[in-house]
Structure formats: C-alpha cells, structure tokens
Protein chains: 2
Amino acid sequence: MGATKTDHFTLQQNELASLAKALGHPARIAILEVLLKLDSCICGDIVNELPLAQPTVSQHLKELKTAGLIKGNIEGNSICYCIDAENWNKYKELLSAFFGQLALKTNCC
Amino acid sequence: MGATKTDHFTLQQNELASLAKALGHPARIAILEVLLKLDSCICGDIVNELPLAQPTVSQHLKELKTAGLIKGNIEGNSICYCIDAENWNKYKELLSAFFGQLALKTNCC
DNA sequence: CTTTATCATCGTAATATTGCAATGAACAAA
DNA sequence: TTTGTTCATTGCAATATTACGATGATAAAG
C-alpha cells in the first residue's frame, strides 16, 4: 500500500485534491508568488529567487504545469513561465465554492 | 533528502502550503464534504461513507484536525467531528486572497 | 465483572515526494 | 566549430505518505 485509492472517489474530489496537492509545497507557493508579482514573465530568474537547486525548481515547475496552474513558452534560449490565467480563475471558483459550503450556524462541537 | 526545506520559506508560504497539503487527498476532501453536508455532527458514520478502513480514516481525521480544519468532541461512547468554522473561514480568506492576486491583464504566454 | 461498540495508536509494507549531482538537449555567441 | 547559457531529464538517496491488520483504551450495555 501507500498508493492513493483514486478510483474510489469522485472526479470532483480527485480534481480538488489534485489542485490542493500541487499547492501543497512552500516552494511551489513561492514560485507562484514570483509569477504573480512580475509584470513580465521571467524565466530562470525563478531559480535565483529560490533557495533550491535548478533541477529541483524545474521539477516543481513541471508539477505546477501538469496541474494547469502555469504555462511555459520557449523564448529564444530561455523559457518564459507565467500563470495560466484561465485555469487560475477556474480553480479560484472551485475553491471558493468548496469553502462556501459551510452553513452559517454555529457548529455543535 | 526528501524532506521539505520548510525553514527556507516564509511563514505565510508554509502556512498556505500546509493547508493545501491537508486538502491534497481525495479521502480528506470526502470527509470534509460529509461534515459540510450534515446538520448534526456524526461520528464514526464517516467510516461507513468512505471506501477505506477505520484506521485509515482515523489517520486522515487526525491530519485534518492538526491542520485546524475540523474539531472533535467526545460524546459518550463515540466522537463527534465537525468543521472548525472559525479556522474554516480564515482559510477561506487566505485562499481567496492568494488567488485574488492575479492581475486582470492578459498574460504574456 | 464481562461483553460489545467506538475510536485511537502501533507496527509495518508499499508507494510517493523531495532534493540534488550529473548529464543531455537546444540555442546563441564567438 | 567551439564555447557558454539555459533549462529538462536521469538516477539515486533520504524522507514522507498512504493503507491496513492487530492491538489498546474507554465507555455503554448486559
């Protein structure tokens, strides 16, 4: 064991969990914050901003890309990463809807 | 290696990542959905709702509790779990603020 | 006191994640 | 062509997560 039983849960549950998992590392939060802050998309400058080696950052970028949170464009020699605005807003709604489910009444505990 | 370099990131980054990590499993999403749906707080009925063994569910509950997303009260023989409304709304704001950072302009990629 | 029910904890196996050195691929500049 | 720059990929070691059987703790029921 050790493998998540993905097929036992609904698509929505897996989708939300998958998004959260991608956000579940401080380095990936930091990467997203860098991309949010900058007007122009930078490339390998992300590596310089983080206390991690280049392969490690590259790996985190890959995960963020797989999750759909960022996009990457080749620009000459270097590569330009930025937030995937469309998915970003979709995920924003998804999380907002999830957290908005709580009824206003005081809980029993 | 294999350990996250928590001390290299800011408190805010770690806090957000920690919350996301707690949400990063379909079983934990499912548990939260059960607790959100029910008026009265149930206890071990959560186990019956999920395709997982009791110790596994108990472990997930512990993680959600540690993250501050749920609370647990002893109620006679059984235990009553429910959403921690105060933290829930705090986290809602936290995520909303994070996702709200995206500027409206079209991205360069 | 004994039994049953409910839930947590322990121990362990399987798998996933994190991190980096080494290497590779692609392109620009000399 | 050779060199340097940029980033991805590979391979590996350390650690974390997931899952569950077995067991323990606690309280209600008999």
Side-chain angles (χ1 to χ4, degrees), chain A residues 1-9 13-14 17-31 34-35 40-67 70-82 109, chain B residues 1-9 13-14 17-31 34-35 40-67 70-82 109:
Chain A
M1 296 104 204
T4 299
K5 290 178 148 188
T6 312
D7 48 326
H8 288 13
F9 299 97
Q13 288 167 343
N14 280 311
S18 182
L19 163 63
K21 201 172 179 181
L23 295 172
H25 195 289
R28 291 194 286 270
I29 296 290
I31 289 173
V34 169
L35 293 177
S40 59
C41 292
I42 39 154
C43 334
D45 296 339
I46 301 171
V47 175
N48 298 327
E49 298 264 7
L50 298 187
L52 295 171
Q54 180 266 323
T56 307
V57 174
S58 188
Q59 193 174 312
H60 284 306
L61 285 167
K62 190 181 177 185
E63 285 176 62
L64 288 171
K65 205 171 166 185
T66 302
I70 65 174
K71 288 190 290 185
N73 263 25
I74 298 174
E75 196 151 299
N77 200 11
S78 54
I79 291 185
C80 165
Y81 280 106
C82 62
C109 299
Chain B
M1 296 99 202
T4 299
K5 290 179 147 188
T6 313
D7 48 325
H8 289 12
F9 300 97
Q13 287 167 343
N14 280 310
S18 182
L19 163 64
K21 201 173 179 181
L23 295 172
H25 195 289
R28 291 194 286 270
I29 296 290
I31 290 173
V34 169
L35 292 178
S40 59
C41 291
I42 37 151
C43 336
D45 296 339
I46 300 170
V47 175
N48 297 326
E49 297 265 5
L50 298 186
L52 295 171
Q54 179 265 324
T56 308
V57 174
S58 189
Q59 194 173 313
H60 284 304
L61 285 168
K62 189 181 176 184
E63 286 176 62
L64 289 172
K65 206 170 164 185
T66 302
I70 65 174
K71 289 190 290 185
N73 262 23
I74 299 174
E75 197 152 297
N77 200 10
S78 54
I79 292 185
C80 166
Y81 280 106
C82 62
C109 299

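Below, read A as the first sequence line, B as the second, and so on, with proteins coming before strands; counting in each chain starts at 1. Given the structure is predicted, the values throughout are model-derived calculations rather than measurements.
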Under the side-chain contact (heavy atoms from CB on, under 4.5 Å) rule, collect the residues that match up with [X], sequence neighbours excluded.
{"X": "S78(A)", "answer": "C43(A)"}
{"X": "S58(B)", "answer": "Q54(B)"}
{"X": "I46(A)", "answer": "I31(A), V34(A), L35(A), I42(A), L50(A), V57(A), L61(A), Y81(A)"}

Checklist entry - Taking protein heavy atoms under 4.0 Å as touching, what does nucleotides 3-12 of chain C look like 5' to 3' if B marks base contact, S marks sugar-phosphate-only contact and - marks none? => result --BSBBB---
Next on the checklist: So, does H60(A) get its side chain near the phosphate of dT17(C), meaning an N or O under 4.0 Å from OP1 or OP2?
Outcome noted: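 No, because none of the side-chain N or O atoms of H60(A) sits under 4.0 Å from OP1 or OP2 of dT17(C).
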Next on the checklist: dC20(C), OP1 or OP2 - any side-chain N/O from T56(A) closer than 4.0 Å?
Outcome noted: yes
Checklist entry - Can you check whether C82(A) reaches I70(A) side chain to side chain, under 4.5 Å on heavy atoms? => result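 No, their side chains stay 4.5 Å or more apart.
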Checklist entry - Are H25(A) and R28(A) side-chain neighbours, meaning at least one heavy-atom pair lies under 4.5 Å? => result yes
Measure from [atom1] on [X] to [atom2] on [N] and round the result to the nearest Å.
{"X": "F9(A)", "N": "dT18(D)", "atom1": "CZ", "atom2": "C1'", "answer": "11 Å"}
{"X": "N73(A)", "N": "dT6(D)", "atom1": "CG", "atom2": "P", "answer": "18 Å"}
{"X": "L52(A)", "N": "dA21(C)", "atom1": "CG", "atom2": "P", "answer": "11 Å"}
{"X": "I31(A)", "N": "dC7(D)", "atom1": "CD1", "atom2": "C1'", "answer": "13 Å"}
{"X": "I74(A)", "N": "dA28(C)", "atom1": "CD1", "atom2": "P", "answer": "11 Å"}

Checklist entry - With sequence neighbours excluded, what pairs up with E49(B) under the salt bridge (Lys or Arg N to Asp or Glu O under 4.0 Å) test? => result none
Item to check | Closest contact, heavy atoms only, A67(B) versus A22(B) | outcome: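 The pair with the smallest heavy-atom distance is CB-CB, 3.6 Å.
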Item to check | Heavy-atom closest contact (F9(B) atom, Q13(B) atom, distance) | outcome: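 For F9(B) and Q13(B), the tightest heavy-atom pair comes out as CB-OE1, 3.4 Å.
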Checklist entry - Can you list, by residue number, the residues of residues 20-29 of chain B that have a non-hydrogen atom closer than 4.0 angstrom to DNA chain C? => result none
